[in-house]
Amino acid sequence: MSGLTGFDDIVRQGEPLAPYTWFKIGGPAAYFAEPRTIDELGALVRRCREEELSVWLIGGGSNLLVRDEGVPGVVIRLAAEAFSEVKVDGETITSGGGSKLGHLISIAVREGLAGLESLVGIPGTIGGALHGNSGGRGGDIGQWASQATVMTRDGEIHVRQRDDLVFSYRDSSLDELVILDAQFQLEPTDSVELTKRMQKQWILKKASQPLGHESAGCIFKNPRGMSAGMLIDQAGLKGTTIGGATVSERHANFILTAPGASSQDVLKLIDLIKGRISDRLGVELETEIEVW
Ligand code: EPU
């Protein structure tokens, strides 16, 4: 395994990435690594740097479209337990970056700690959610983050305090290679009341979004003061299909993929939507999903 000799236990070559994404499409990674410890992750990242191999960090794969050609470098996934521990200490929860957001929300609600419950239904990992400041009308994850530990592309570990963290609409200053863990400062509330709040959010989301289908959440960011979904709907694009990719009938800012769909189908459909909204409404839509 040229360049990655010594990492044979944790690296596979030509691993298909489709199963690791919510779209369930896309090509393979030249190298795919699942380190078991932080030290092993650091050693791997430093080796990639020495060997000039490009590195990508895959989270839950829920906001991601992998091109059909795949990824010509090393894709790292934090699947090991070492990256997904969750600890509660009073009003503070510390979570590994590889932990699922849904898991963290259920622990917070059970412990009677309010803040994250409006994020129910958002898939993905804590690292991915913080990197892209996941959220919705009820708020976003960044507003609750009090600290984060990151690993740079040189394999160095740094702790970022609240004052160093900047969060904006679907964006954050956390753009180092890896978010190892994060702390959330939450508000004590009755857990029965919190459970009700969470259930209400879940019902609202279920009714308006095609959850549980092969999709990557909202495709486009909302232009300032507008809803991309509403614009796409008003342009009459619901149900528009290219190959195996279709604009959802339930929420027009979602694209659903059918078995046999290619990433090219999705990219063509994205271009069609952007072109139509630009021509008809003069609004330039910007994608929210990452394309590798
Ligand atoms: N609408 C339509 N047609 C559609 C979709 C929406 O007319 O096909 C209308 C709705 O009726 C509503 C308005 O557009 O009046 C806004 O819709 P919605 O409440 O669904 O919110 P959104 O702006 O489309 C945002 C986030 C979602 C988040 C929801 C709920 C973005 C791009 N989207 O959607 O986030 O779940 O609010 O909090 O910011 C995501 O980022 O992946 C995502 C799904």
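Atoms within a ligand are numbered from 1 in the order they appear, just like the ligands themselves. For clarity, every value in this text was computed on a predicted model and none was experimentally measured.
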Electrostatic pair E81-R36, nearest N-O below 4.0 angstrom: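 No salt bridge links E81 with R36.
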
How far is atom 33 (N) of ligand 1 from the closest protein heavy atom, and which atom is that?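 The answer is C218 SG, 3.4 Å.
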
Atom 39 (O) of ligand 1 [closest protein heavy-atom partner, distance rounded to 0.1 Å]: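 Among all protein heavy atoms, the one nearest atom 39 (O) of ligand 1 is Y169 OH, 2.7 Å.
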
Record the part of Q209 in heavy-atom contact with ligand 1 below 4.0 Å; permitted values are side chain, backbone, both and neither.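 Only the side chain of Q209 comes within reach of ligand 1.
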
Counting only heavy atoms, which portion of F254 has something under 4.0 Å from ligand 1: side chain, backbone, both, or neither?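 For F254, only side-chain atoms sit under 4.0 Å from ligand 1.
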
Hey, is R170 one of the residues with a heavy atom under 4.0 angstrom from ligand 1?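 It does, in that a heavy atom of R170 comes within the 4.0 Å cut-off of ligand 1.
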
For the 3.5 Å polar cut-off, considering only N or O atoms, please tell me whether K205 and ligand 1 meet it.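 Checking ligand 1 against K205, no N or O pair falls under 3.5 Å apart.
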
Answer whether the closest heavy-atom distance between the side chains of L44 and L4 falls below 4.5 Å.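 Result yes, sub-4.5 Å side-chain heavy-atom pair found.
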
Quick check on atom 28 (C) of ligand 1 - does any protein heavy atom sit closer than 4.0 Å to it?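 It does; a protein heavy atom is within 4.0 Å.
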
If we count only non-hydrogen protein atoms and require a distance under 4.0 Å, does atom 11 (O) of ligand 1 qualify as touching the protein?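 Protein heavy atoms within 4.0 Å of atom 11 (O) of ligand 1 - there are none.
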
Considering E249, R137, E286 one by one, which has a heavy atom nearer to atom 23 (O) of ligand 1 than any of the others?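 The residue whose heavy atom sits nearest atom 23 (O) of ligand 1 is R137.
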
Selected option - heavy-atom contact closest to atom 14 (O) of ligand 1, from S62, S227, A228, S215: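 It is S227 that holds the nearest heavy atom.
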
Residue pair [X] / [Y], side-chain donor-acceptor N/O under 3.5 Å:
| X | Y | answer |
| --- | --- | --- |
| E15 | Y31 | no |
| S172 | N133 | no |
| D181 | T149 | yes |
| E284 | S278 | yes |

Could you state whether V247 and L267 fall into the same hydrophobic cluster, counting links through intermediate Ile, Leu, Val, Met, Phe, Trp or Tyr residues with side-chain heavy atoms under 4.5 angstrom apart?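 Yes; L267 is reachable from V247 via cluster members.
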
Number the atoms of ligand 1 from 1 as they appear, then name those within less than 4.0 Å of a heavy atom of K238, with their elements.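 Those qualifying, in numeric order: 8 (O).
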
